[in-house]
Amino acid sequence: MNILPAAFYQRPTLTIARELLGKTFFRHFGGRLLSGRIVEVEAYHQSGDESSHSFRGRGTRNDVMFHAGGQLYVYFTYGMHFCMNVVTEKEGVGAAVLIRALEPLEGIDLMRLHRGEEKRDRDLASGPAKLCQAFGIGREENGLALDGTLVGIADAPKIPSHGIIITPRVGISRSRELPWRFFLADSPWVSSGRPSRPI
DNA sequence: CAGTCGATGTACT
DNA sequence: GTACATCGACTGG
């Protein structure tokens with residue numbers, strides 16, 4: 001297994017967002033391995049992106065987003081959900097890629113235990129808060145290095161551009177015009193019910 | 001299928 | 001107070 005090195009993450013955020021599609025996110029959980037193929041992401045950047053948590057500067061909540069690329073940025077939202085980002089760029093920049101959907105690969109029984117026994121496979125990780133629940137990601141995982149010790153992303157062949165759909169991001173009100181959502185065109189595992197109109 | 005809406009903690013005006 | 005990078009339950013067609 002080829003784990004993406006820190007240098008992979010310390011590059012332009014939009015490039016990384018696109019390249020993360022098709023790669024495998026994994027985490028160790030209680031002696032088990034949980035993994036999923038990344039099928040949907042969104043980019044967030046400090047400069048020119050009013051919807052980014054980093055737009056108004058560095059603080060206690062978003063501090064990890066300003067770290068050097070290669071860590072997890074996990075935040076709590078809507079009073080009950082966690083969302084997981086991959087921090088990008090150099091120390092001090094304030095950018096990240098939100099993981100919006102995963103295709104479950106290993107540890108599906110454990111994911112279902114976390115999500116609810118009645119859930120269908122397609123409801124296990126087809127949304128940013130769903131996948132955090134399935135993988136047991138919360139406050140404790142904020143700032144973890146993606147070096148493969150506890151969490152990491154394994155490399156996979158590059159997805160050709162015709163296999164990727166680019167749209168505006170989901171669930172934001174500011175900077176809506178930016179086409180910074182990327183997902184696999186033929187994947188049944190992406191989050192549903194929201195803008196899927198290609199640009 | 002699509003649309004609406006309540007839940008519920010935290011940061012910000 | 002209000003907004004929030006969401007989800008699931010519910011409604012009507």
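Atom set for the values below is all heavy atoms of this structure, side chains included, hydrogens, waters and symmetry mates excluded. The chains referred to below are lettered A, B, ... by the order of the sequence lines, with proteins before strands, and numbering in each begins at 1.
Note on A:M84: nothing from the nucleic acid sits closer than 4.0 angstrom, heavy atoms only. Heavy atoms of A:L98 sit under 4.0 angstrom from at least one base atom.
Applying the salt bridge (Lys or Arg N to Asp or Glu O under 4.0 Å) rule to A:E40 yields the partners A:R100, A:R181; only residues at least two apart in sequence or on another chain are considered. Considering only residues two or more places apart in sequence or on other chains, A:E117 meets the side-chain contact (heavy atoms from CB on, under 4.5 Å) condition with A:R112, A:L113. Residues forming a ring-ring contact (aromatic ring centres under 6.0 Å, His included) with A:F82 (at least two apart in sequence, or on another chain): A:F76.
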Please enumerate all protein N or O atoms sitting under 3.5 Å from an N or O of nucleotides 8-12 of chain B, with distances to 0.1 Å.
residue, atom, partner, partner atom, Å
B:dT8, O2, A:Y78, O, 2.2
B:dG9, O4', A:G79, O, 3.4
B:dG9, N3, A:G79, N, 3.4

Enumerate the protein-to-nucleotides 8-10 of chain C contacts in which both atoms are nitrogen or oxygen and the separation is below 3.5 Å.
residue, atom, partner, partner atom, Å
C:dG8, OP1, A:R115, NH1, 2.9
C:dG8, OP1, A:R115, NH2, 2.9

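A:Y73 belongs to a hydrophobic cluster with A:Y44, A:V64, A:M65, A:F66, A:Y75, A:V87, A:L98, A:I172, counting contacts under 4.5 Å between side-chain heavy atoms of Ile, Leu, Val, Met, Phe, Trp and Tyr, direct or through other members.
Residues in residues 125-139 of chain A take part in these side-chain hydrogen bond (donor to acceptor under 3.5 Å, both in side chains) pairs, two or more places apart or across chains: A:R115-A:Q133, A:S126-A:K130. Among residues at least two apart or in separate chains, there is no ring pair (Phe, Tyr, Trp, His ring centres under 6.0 Å) pair with a member in residues 145-165 of chain A. Identified under the ring pair (Phe, Tyr, Trp, His ring centres under 6.0 Å) test for residues 84-117 of chain A, with sequence neighbours left out: A:F29-A:H114. Pairs engaging residues 8-20 of chain A under the side-chain hydrogen bond (donor to acceptor under 3.5 Å, both in side chains) rule: A:R11-A:E19, A:T13-A:T88, A:T13-A:E89 [sequence neighbours left out].
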Using a 3.5 Å cut-off and no angle test, enumerate the donor-acceptor pairs between side-chain atoms of residues 101-110 of chain A and protein atoms at least two apart in sequence or in another chain.
residue, atom, partner, partner atom, Å
A:E106, OE1, A:S35, OG, 2.6
A:D109, OD1, A:R32, NH2, 3.0

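For the pair A:E91 and A:R58, the salt-bridge criterion is met [side-chain N within less than 4.0 Å of a carboxylate O].
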- Which dot-bracket notation, 5' to 3', represents the base pairing of DNA chain C when pairs are defined as Watson-Crick or G-U with both distances under 3.5 Å, crossing pairs as [ ], and inter-strand pairs as |? ||||.|||||||.
